A.B. asks: 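Sending over a structure as structure tokens; questions will come in a sec.
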Amino acid sequence: MWRRHGVHRHPLAVDDEIVAAQLCLTRHRRAYSVVPAMHPHYTDLAPGHALLRHLAQDLTTAGYEYLDLGGTVPGQHAYKDY
């Protein structure tokens with residue numbers, strides 16, 4: 001996890017290749033997910049789920065009490081139907 005002045009960048013790698021990353025803004029004891037990203041060649045591994053588990057643990061260890069993943073809109077997750 002990389003942290004600087006209220007910004008957290010959290011990558012997840014497999015064999016030295018980044019397969020997912022999450023950018024969070026932080027304030028007090030809260031973290032807000034701003035930009036999640038996943039490598040399209042590794043979707044079968046569900047890197048977003050693995051990253052979220054690691055991110056939540058690392059933020060908890062760092063003293064954060066709340067992780068806001070943001071809202072969703074209808075159809076936002078339609079890509080998962082394929």
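All heavy atoms count here, side chains included; hydrogens, waters and symmetry mates do not. Sequential numbering from 1 along the given sequence is applied to the chain's residues. Everything numeric in this text was worked out from a predicted model, so none of it was measured.
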A.B. asks: Does any part of the side chain of Leu52, heavy atoms only, come nearer than 4.5 Å to the side chain of Leu67, both counted from C-beta?
C.D. replies: yes
A.B. asks: What distance separates Asp68 CG from Leu25 CG, expressed to the nearest 0.5 Å?
C.D. replies: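 Going from the CG atom of Asp68 to the CG atom of Leu25 covers 11.0 Å.
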A.B. asks: Which of parallel (below 30°), tilted (30 to 60°) and perpendicular (above 60°) describes His41 and His39?
C.D. replies: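 It falls in the tilted class, 30° to 60°.
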A.B. asks: Say you draw a straight line from CD of Glu65 to CG of Leu59; how long is it, rounded to the nearest 0.5 Å?
C.D. replies: 12.0 Å
A.B. asks: Testing the basics here: between Pro11 and Arg9, what is the closest heavy-atom pair and its distance to 0.1 Å?
C.D. replies: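 Heavy atoms only, the tightest pair is CD-O, 3.6 Å.
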A.B. asks: Nearest 0.5 Å, what's the OH-CG distance between Tyr64 and Leu55?
C.D. replies: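 CG of Leu55 is found 11.0 Å from OH of Tyr64.
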A.B. asks: Closest heavy-atom contact between Met38 and Pro47?
C.D. replies: CG-CG, 3.7 Å
A.B. asks: Within the structure provided, determine whether Tyr66 and His28 are in side-chain contact (heavy-atom separation under 4.5 Å).
C.D. replies: no
A.B. asks: Would you please name every residue forming a side-chain contact (heavy atoms from CB on, under 4.5 Å) with Leu51, sequence neighbours left out?
C.D. replies: His10, Leu12, Ala20, Gln22
A.B. asks: Side chains of Val7 and Thr26: does their closest heavy-atom pair fall under 4.5 Å?
C.D. replies: no
